[in-house]
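Below, each value reflects all heavy atoms present in this structure, side chains not excepted, and no hydrogens, waters or symmetry copies. The sequence lines fix the lettering, A, B, ..., with proteins before strands; numbering per chain opens at 1. Being a predicted model, the structure only gives us computed values, none of them experimental.
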2 protein chains.
Amino acid sequence: MAHNHEEILCRVKSELPEDELICDLSDLFKVFGDTTRMKILYSLFESEMCVCAIAELLGMTQSAISHQLKVLKNANLVANRREGKTIYYFLADEHVRTIVAQGFEHLIEKHTHEKK
Amino acid sequence: MAHNHEEILCRVKSELPEDELICDLSDLFKVFGDTTRMKILYSLFESEMCVCAIAELLGMTQSAISHQLKVLKNANLVANRREGKTIYYFLADEHVRTIVAQGFEHLIEKHTHEKK
DNA sequence: GCCATATATGCACCACCGTTCATATGTTGT
DNA sequence: ACAACATATGAACGGTGGTGCATATATGGC
């Protein structure tokens, strides 16, 4: 046991969301937590792109990109449309931009504080 | 080589941020991508807390919590203050709430779409 | 100074994840 | 139906990261 904090423990415990929500949330952010996927998202900020274009842009295997696009799609961050043999991927909604932008702002603020 | 997409490649490539920014961004989101850290953040939404209180709340080792608090602190998501022997951790700024809230909204929207 | 309490840290183990290779699926043109 | 191209998928390898154990550091009380 430790020092007394029963009051706070009870109050915070009652306000904590269920495990499933916490899990879904961290799973979502996990998707943003990889440089390859982040590069893909940034690319799609500019324009929809087909798989091989992204692979060429990032200098990576088509397979690797395909795997990561699947992860992004499962998280509903991107969607795709078929046009003949090629499949174009694009941002699923505007939340993606907002979330990345918020992360960006945090980084900026962090850097300005470090310049002391 | 693949089918032609020189135009798009050049345009997108010129707009892509430098690798360091991409890396910093994904590193930041990586911090949100763990259930333990997410639970800690949600706890701190309610109130500042000491290490052993968080450990008791989450039913985990003091060591594990301490390790994760270090990660959160390195990312400038939390800060701490000492009061005698105990050290209280709290949210470093309001970006944390905003980022988590954005992720939450994305999940909500996703769920409503799945209810078809 | 010594002991108890609160927190931090180094290490090692294990699980998970990103990549590549090989191959499968799907589409178009002939 | 077959060949060529675009993409998806499964398996395996390697690296990273979260956890617990043991221990170190720090503060307060006696």
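When rounded to the nearest whole Å, the span between NZ of B/K30 and P of D/dG17 equals 6 Å. Computed from coordinates, the B/D34 CG to C/dA15 P distance equals 17 Å when rounded to whole Å. Residue B/I40 contributes atom CD1, which lies 8 Å from atom P of D/dT19 at whole-angstrom precision. For the pair A/L72 CG and D/dA8 C1', the interatomic distance rounds to 15 Å; values are reported in whole Å. Rounded to an integer number of Å, the gap from CZ of A/R37 to P of C/dT19 is 8 Å. The interatomic distance linking B/E56 (CD) with C/dA6 (P) rounds to 11 Å, in whole Å. The distance from atom CD of A/E48 to atom P of D/dT7 is 12 Å, rounded to the nearest whole Å. One atom, NZ of B/K70, and another, C1' of D/dT19, lie 15 Å apart when rounded to the nearest Å.
A/R97 forms a cation-pi arrangement with A/F45, by the criterion of a distance under 6.0 Å to the ring centre and an angle within 45° of the ring axis.
Ring geometry for B/H95 against A/H106 counts as perpendicular: the plane angle is over 60°, on a 0 to 90° scale with 30° as the lower cut.
Neither OP1 nor OP2 of D/dG17 sits under 4.0 Å from any side-chain N or O of B/Q68. An OP1 or OP2 oxygen of C/dA8 is reached within less than 4.0 angstrom by a side-chain nitrogen or oxygen of B/Y89. Considering only side-chain N and O atoms, A/T36 lies under 4.0 angstrom from the phosphate OP1 or OP2 of C/dT19.
A salt bridge links B/E83 with B/R81: the closest approach of a Lys/Arg side-chain nitrogen to an acidic carboxylate oxygen falls below 4.0 angstrom. Classification of A/K30 and B/D34 as a salt-bridged pair fails, no side-chain N sitting under 4.0 Å from a carboxylate O.
Between the side chain of B/Q62 and the base of C/dA8, a donor-acceptor pair under 3.5 Å is found.
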Practice task
Give the B/S/- string for nucleotides 25-30 of chain C, one per nucleotide from 5' to 3', where a protein heavy atom under 4.0 Å of the base yields B, of only the sugar-phosphate yields S, and otherwise -.
Solution key: -SBS--
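Summary of the strand contacts: B/M60 and A/H67 both lie near DNA chain D, and taking for each the nucleotide with the nearest heavy atom, the more 5' one is attributed to A/H67. Two residues, A/T35 and B/A64, neighbour DNA chain C, and the one matched to the more 5' nucleotide by heavy-atom proximity is B/A64.
Environment of CD in B/E7: crowded, with over 12 heavy atoms of neighbouring residues, nucleotides or ligands closer than 6.0 Å.
At a threshold of 4.0 angstrom between heavy atoms, the contacts of A/S63 include nucleobase atoms, whether or not backbone atoms are also involved. B/T86 comes within 4.0 angstrom of sugar-phosphate atoms only, judged by non-hydrogen atoms across all strands, and of no base.
Nearest nucleotide to the B/S66 side chain, out of D/dT7, C/dA22, C/dA8: C/dA8.
To the nearest 0.5 Å, atoms CD1 (B/I87) and NZ (B/K85) are separated by 12.5 Å.
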Practice task
Check step by step if side chain to side chain contact (heavy atoms under 4.5 Å, CB included) holds for A/K39 and B/D19.
Solution key: CA-CA 9 Å; A/K39 283 178 189 172; B/D19 274 23; 3.8 Å; yes
